[in-house]
Amino acid sequence: MATATVILLDGLAYGMVLFIISVGLTVTMGLMRVVNLAHGGFAMAGGYLAAMMIRAGVPFFAAAALATLAAGILGGIAEMTVFRPLYRKGELAQVLMTFGLTFVFIAALTWLFGTDVKILPIPSYLAGPVDLGFRTYPTYRLFLIVVGLLLFLLVWFVIEGSLYGARLRAAVDNPRMARAVGIDVNRLFTITFVIGCALAGFGGVIGAEMLQLDPFYALRYLVLFLVVVAVGGLGSFKGSFVAAITLGVVETAGKFLFTDIAAFLLFALVFVLLLWRPNGLLPPKSVA
Amino acid sequence: MSLGLGVENLSAGYGPTVVLDGLSLEVPPGGTLAVLGRNGVGKTTLLATLMGLTTLHHGTIKLGEQAIEGLPTHVRNRIGLGYVPQEREIFPSLTAEENLAVSFHEGGWSIEAVFDLFPALKERRHNTGNRLSGGEQQMLAIGRALVGAPRVLLLDEPLEGLAPIVIEALVEALTRIQRESGVTMILVEQKAELALSLTRDAVILDRGRIVFRGSSAALKADEATQAQLLGVAAKRR
Amino acid sequence: MSAFAHPALSVRGLCKSFGALRVAQSIDLELAHGARVGLIGPNGAGKTTLVNLLTGVLPADAGTISLEGEVIDKLKPEGRVRRGLARTHQINTLLVEESVRDNVAIAIAERERVAWSMLRYAKAWRACLEEADERLREMGIMDVADRRVSALPYGQQRLLEIAIALALKPRVLLLDEPAAGVPAAEAHHIHEVLERLPAEIAILIIEHDMDVVFRFARHIVVMVQGRVLKRGAPAEIAADPQVRAVYLGRSTV
Amino acid sequence: MNPAWHALPWLLAIAFYFTAGGYLSLGTSILVYILLTLSLDLALGYAGIITLGHAAFFGFGAYGAALFAIHVNADPLLGLVVATAVTAVFAVVTGMLILHTQGVTLLMLTLAIAVLLAEAANRAYKVTGGDDGLQFTMGPVLGLFRFDLWGQTAYLYTLVILFVWFVIAWKVVHSPFGRSLDGIRQSQARMRAIGTPVWWRLIAIYAISAAMAGSAGALSAQTTRFVGLNTLGLLVSGIAVVMLVLGGTRRLYGAFLGAAVYVVVQDFAAKVNPFYWMFVIGGLLMATVLFLEGGLMEVLDIGRRWLRRLLRGSDPT
Amino acid sequence: AETVKVGVIGVFSGGFARWGEQFKQAIEVFQKHHGKVVNGNTIEIILRDAGGPDPAKARQLAEELILREKVQFLAGFAFTPNAMAVAELITEAKMPTVIFNAATAVITRRSPYFVRVSFTLPQVSAPIAVWAPKNGIKKVVTVVSDYAPGHDSEQTFIKVFKANGGEILESIRIPLSTTDFAPFFERVLQQKPDAMFMFGPGGPPSVAMINTWASRLKPAGIQLVTTNETQAIDLPKIGRAAIDAIGSSNFTEIIDTPLNKRLRADMTAMFGPDQVPDVATVGTYDGLQLIYMTVAKLGPRPNPDDVMKFWTSGLKWESPRGPIAIDPKERDIIQGVHLRRVKEVDGKLINVDFEIVPDVKDPWKEENK
Ligand SMILES: Nc1ncnc2c1ncn2[C@@H]1O[C@H](COP(=O)(O)OP(=O)(O)OP(=O)(O)O)[C@@H](O)[C@H]1O
Ligand SMILES: Nc1ncnc2c1ncn2[C@@H]1O[C@H](COP(=O)(O)OP(=O)(O)OP(=O)(O)O)[C@@H](O)[C@H]1O
Ligand SMILES: [Mg+2]
Ligand SMILES: [Mg+2]
């Protein structure tokens with residue numbers, strides 16, 4: 001029983017990390033429909049920045065906030081320069097551009113910080129174990145679960161339910177027509193991209209305990225992010241949340257129970273889920 | 001407050017292609033203009049150009065006293081241009097209600113008022129755009145323009161796909177709006193007879209140029225011109 | 001047994017719901033060979049949905065559809081087309097990157113079953129192109145044959161929709177508002193083209209332009225909220241107070 | 001297009017053979033990548049099958065060829081044919097499972113297949129050598145031409161196979177079948193409405209494309225007499241997509257240009273500075289997207305127009 | 001005077017670029033120590049990037065280096081598949097090749113022109129399996145990354161451990177793609193072993209594995225036995241989690257051989273305080289020592305067979321890690337293996353040797369004669 005609880009917690013924590021780190025991609029790729037392979041790059045940039053600041057003595061949460069902001073600004077700049085001409089060019093051009101951008105990210109971080117793993121120290125009050133009564137458990141993982149939940153509620157209320165969300169979907173569906181009903185599409189996209197990249201940066205910081213930072217981060221975990229967004233249903237926060245938790249818990253339990261087939265678990269699960277629900281677990285209304 | 005719309009020597013098209021060629025016209029404040037012409041003469045291009053959705057080569061567009069040809073599309077909408085595109089261009093992933101909500105500007109029709117005009121739409125308010133019937137989409141496209149507080153309405157074949165009884169209601173409503181708030185209106189329509197009865201003035205386009213201008217009533221009576229420029233005589237054989 | 005022993009298309013008890021919304025409630029419909037049937041009804045009555053059910057684009061909840069006596073419920077849309085059931089779309093569905101001619105030629109290649117051939121380009125395809133030109137000439141859009149569809153004015157796209165459906169040489173043809181967006185003169189032209197089709201072809205036409213329907217159809221079906229409200233000769237329908245109340249309004253026919 | 005243009009890439013390839021010096025094996029690997037990219041152009045470019053799983057076929061072909069050489073027969077052509085055929089069968093089976101989906105879903109499914117296959121290969125290390133890979137020996141091509149140290153046989157062998165596949169690809173995309181693929185990419189609804197069996201047609205092109213990718217894998221294994229797990233890796237799929245888009249989709253020759261430029265630039269930049277070639281490649285990709293609508297092939301188009309104008313001495317427009 | 005070209009194939013970009021960086025740093029330090037000239041002949045080192053485990057690329061680079069650059073020696077190889085892939089080629093081209101890092105036992109048997117100066121996985125896995133049962137570690141769960149090197153060290157450990165009276169409770173192989181190791185380690189916890197033997201793939205996953213051990217198994221009194229996972233270069237990244245981990249390595253970075261002291265000092269001076277010599281550093285350093293010795297002895301254009309004869313003549317020399325030798329028969333390295341434990345001394349984490357097993361040959365080759 002105790003073990004089951006721990007496995008469940010582990011699964012939840014892992015799922016939350018997946019969610020936290022992918023939620024930004026749900027914004028840029030899910031909502032804005034930009035095939036944003038550079039998502040990991042923004043996350044990584046956020047993580048590196050926070051690591052640097054913490055090393056320089058900035059407190060953890062301040063560093064996380066600043067890094068989130070910085071990743072957002074970086075995203076804003078990227079949006080106005082290289083992404084804006086991209087929206088009308090189709091998916092393949094977007095693949096090429098964001099792949100190139102990712103390469104540049106990797107090279108830049110290698111150049112600035114070398115190839116080593118960068119440690120992002122977590123504050124001591126989160127670093128230790130807590131006593132659950134029947135055994136101890138890493139505090140940080142509980143923290144991850146809480147942060148994941150809060151983040152989900154936040155984005156859900158802000159984006160899914162609001163007129164902002166509807167405007168954004170309108171602009172993505174048909175930018176020409178969105179302009180014709182008075183939506184400032186350019187500004188809307190810039191803001192949204194900033195949000196997406198800020199979320200990426202935030203994920204890079206908060207998730208660094210599990211998804212360790214090194215320059216190759218941008219590509220190493222990319223598939224993981226894509227999986228969550230696709231299984232959840234493109235552009236659905238509820239979907240990516242459910243997908244992340246499902247994948248996290250099922251994979252963790254599977255690894256514990258059947259170590260032999262651990263390697264196949266995640267993608268076998270993805271395969272089955274997507275064949276079962278090609279539009280994702282909880283797709284947006286218009287495709288359900 | 002109603003505004004007039006003036007176009008001077010307008011040349012526009014798609015990329016380097018020129019479709020409208022040195023076109024000028026004027027609609028006085030509160031005026032109504034029917035734009036007629038066969039397939040492919042540039043009617044849609046004219047309205048799209050007014051909205052800033054095509055490539056403008058040269059010419060000026062004035063809304064009241066203000067030159068607007070340099071303004072981005074969304075600003076044109078906000079200062080009073082309401083647009084019903086020919087292909088409806090409903091946002092497929094938004095519900096009917098959201099389609100209206102994102103288009104709403106202060107002073108426009110309320111969403112409920114649109115639903116009163118099109119009761120059928122009200123029943124489908126939670127359907128996403130891609131799950132509305134063709135006619136429902138058309139109603140929504142019109143409603144979307146109305147909630148945007150338009151001072152000039154640009155209607156590109158707004159009656160297409162609507163049931164006769166709905167057309168009746170719509171015609172009534174348009175007449176009423178026109179009378180009450182003096183909205184300026186440019187109407188592109190294939191059903192010439194209907195268009196002419198709804199408008200005060202009319203132009204006929206051919207290959208990007210105006211080949212006829214006059215009052216709607218006069219044109220309605222002038223079957224010879226209609227036959228010659230629109231080919232409608234065949235219909236009333 | 002000859003094909004004429006059966007109606008061209010026959011529908012029994014067709015049902016379809018979208019959640020709580022019942023868009024087809026046990027619809028019966030029969031198109032004899034050579035039928036010219038008009039289907040009218042208020043917006044959202046379920047006319048387009050009916051076409052989608054007949055062509056297999058949407059799965060029906062219940063009911064059977066047979067095409068010349070053969071039950072086609074289990075067939076995919078493409079299978080039904082290959083057995084002679086063609087349609088046009090209310091909302092244009094065209095290959096926008098292709099030229100007008102290629103849009104038609106691709107359909108002809110499919111009809112002629114040469115679309116599987118991978119290695120013989122010249123002969124088969126050239127024949128398709130030639131026939132495509134014929135179809136375009138017939139629809140009066142030959143002058144834009146080389147244009148990309150995306151640069152075509154809307155009205156001509158509508159005509160292309162029809163040209164493609166005709167190119168399939170169907171035995172049952174379902175037209176979903178073919179004349180919408182087409183100027184009156186051209187609408188008349190469409191009428192003529194349809195009139196010239198072989199007499200045994202069954203045609204169902206959905207239209208909101210009463211001039212077109214009443215000129216073309218010899219039999220009219222009125223649909224309201226997923227049910228057939230009335231069927232009958234045009235004159236009967238035009239005079240029917242119920243139909244007037246829900247659909248026709250004051251319009252003169 | 002003027003037929004003379006068609007001869008150009010092949011003449012260049014032959015000229016390279018005589019001038020390459022120690023770069024012949026680089027040339028061979030470019031040819032292999034071209035074949036892989038070309039295969040992707042059929043599936044992704046023409047038929048619109050969004051895939052990140054072509055490594056599965058590449059690797060399938062590579063291991064197929066290696067295992068065949070080790071356990072059955074060391075004849076290269078025989079091995080190539082068998083590997084190609086087996087890959088096609090694998091593609092038909094997986095294609096039937098996944099080709100009713102589209103877009104990101106399809107992308108993830110293809111990716112999942114590739115990942116699962118790679119894991120399976122890793123687990124089956126008794127057969128595949130796992131992470132150590134498989135080393136093997138090949139017989140002479142046609143019983144005559146030994147794979148020599150200079151890589152001459154390898155290059156010419158690969159070039160000939162590439163040519164054969166190119167001719168097939170050219171025929172396919174210009175056939176009525178190819179035209180129907182164009183249609184399917186643009187609107188499956190439209191194609192169904194004219195009676196196209198969309199699913200089967202996608203399976204067919206998927207299998208052809210996979211066979212081609214399998215050939216590329218087999219050639220890669222045969223010419224290096226080694227096969228490793230990286231042939232099944234995600235990077236292979238990713239790079240192939242990048243090469244294709246870089247060169248330009250739906251041009252066939254785009255695959256040539258994309259693969260060649262990518263490999264050469266990468267190789268060159270990595271020599272100048274092995275640490276930072278990613279800057280150069282990354283910049284190249286971004287610049288291409290920003291400045292060339294249709295990939296690098298556009299440069300050729302511009303050049304060709306320019307040349308024609310120069311030759312005619314006047315502007316025909 | 002002539003130029004002697006040495007082609008070094010490494011991984012300088014991508015996810016494993018750290019290896020390349022170490023190669024490069026070692027080369028620079030070595031050149032600082034020994035210059036670029038031997039007997040008046042300039043030694044030119046040409047770096048080539050394989051980008052990761054990519055055999056086809058490695059082979060292509062090797063061909064180019066041999067045919068176009070006309071190198072006298074090939075060297076490098078961070079990864080086994082890359083080394084294996086050039087075996088046929090170097091045999092045919094008679095190209096003496098020094099392996100700086102790749103550690104799968106069998107490599108040197110694949111071509112008579114290979115020599116290895118790094119280590120083999122069985123070589124570092126066996127001594128600790130001998131030590132453990134004698135020191136209270138009787139029951140062990142092995143946890144290795146599921147790829148060839150992991151299998152290699154798992155197999156060796158299990159065999160030797162059992163032979164010495166230990167008991168293996170379970171053997172877990174963790175997929176390379178794993179990001180969260182918790183479920184696997186929970187499974188270890190359930191078995192209640194005395195210790196866990198671990199082999200990771202290096203880089204981020206290895207760091208994560210040790211962290212997970214520290215947070216879940218260490219509190220339950222389960223010790224950690226590893227091979228090279230606690231390199232000094234990684235310790236700052238792992239942090240205090242690494243304390244008490246037992247390691248078994250061919251090189252402990254803080255040992256006080258004079259050469260190592262100098263190497264360490266120069267590394268920090270040249271590349272910053274975080275840079276310490278590592279297994280790959282000494283592998284590279286000794287590889288170059290071997291090449292310089294060869295040029296000094298045989299001149300700038302030696303006959304390959306003479307080179308191999310020289311390399312198999314029972315060579316011994318002083319490495320930063322201590323005395324090393326080349327097994328004349330297997331062309332593989334013979335060296336001491338350091339058994340050690342991570343300790344915190346003056347606020348710094350270091351490996352403290354508690355035993356050095358001298359002159360260890362590769363056990364796999366002993367067994368597969
Ligand atoms: N996207 C485009 N690119 C290039 N040319 C276009 C484009 N759209 C339309 N055209 C061309 O512009 C001309 C005018 O088209 P427009 O759509 O304005 O005609 P229209 O009068 O609205 O016709 P319809 O009655 O069919 O709606 C046509 O010749 C058409 O071919
Ligand atoms: N996928 C769907 N989910 C839910 N409701 C739908 C869906 N598709 C259509 N509807 C609804 O079903 C009803 C019937 O639609 P249909 O398109 O058949 O109408 P129609 O008779 O063709 O109308 P029109 O004359 O306006 O074209 C409409 O009210 C529409 O909103
Ligand atoms: Mg128009
Ligand atoms: Mg309809």
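Each chain gets a letter, A, B and so on, in the order the sequences are listed, and its residues count up from 1. Being a predicted model, the structure only gives us computed values, none of them experimental. These values consider heavy atoms only, across backbone and side chains, with no hydrogens, waters or symmetry-generated copies.
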*Does a side chain donor of either E/Glu63 or D/Ser25 reach within less than 3.5 Å of an acceptor in the other side chain?*
yes
*Examine whether an atom of D/Ala221 lies under 4.5 Å from a heavy atom of chain E, and if so say whether it belongs to the side chain, the backbone or both; otherwise answer neither.*
neither
*Salt bridge check: are D/Arg225 and E/Glu92 linked by an N-O gap of less than 4.0 Å?*
no
*asked:* Please classify the contact of E/Glu21 with chain D as side chain, backbone, both or neither, using a heavy-atom distance under 4.5 Å.
replied: both
*Using non-hydrogen atoms and a 4.5 Å limit, figure out which bit of E/Leu65 sits close to chain D: side chain, backbone, both or neither.*
neither
_Please classify the contact between E/Pro53 and chain D as side chain, backbone, both or neither, with a heavy-atom cut-off of under 4.5 Å._
backbone
*asked:* Does any backbone or side-chain atom of D/Thr231 lie under 4.5 Å from a heavy atom of chain E? Answer side chain, backbone, both or neither.
replied: neither
*asked:* Out of E/Arg110, E/Arg48, E/Lys24, return the one with the most heavy atom pairs under 4.5 angstrom to chain D.
replied: E/Arg48
*Are the charged groups of D/Lys271 and E/Glu69 less than 4.0 angstrom apart, N to O?*
no
*Hey, what do you get for CG (D/Asp267) to CD (E/Gln60), rounding to the nearest 0.5 Å?*
5.5 Å
*Let me know if E/Ala87 has heavy atoms under 4.5 Å from chain D in its side chain, its backbone, both or neither.*
both
*Side chain from CB out, backbone as N, CA, C, O: work out which of these in D/Trp277 comes under 4.5 Å of a heavy atom of chain E, or both, or neither.*
side chain
*Going from CG on D/Asp132 to OG1 on E/Thr80, what distance comes out if it is rounded to the nearest 0.5 angstrom?*
5.5 Å
*Atom pair NZ/CD of E/Lys57 and D/Gln266 - distance to nearest 0.5 Å*: 4.5 Å
*Considering only heavy atoms, which portion of E/Ser13 lies under 4.5 Å from any heavy atom of chain D: side chain, backbone, both, or neither?*
both
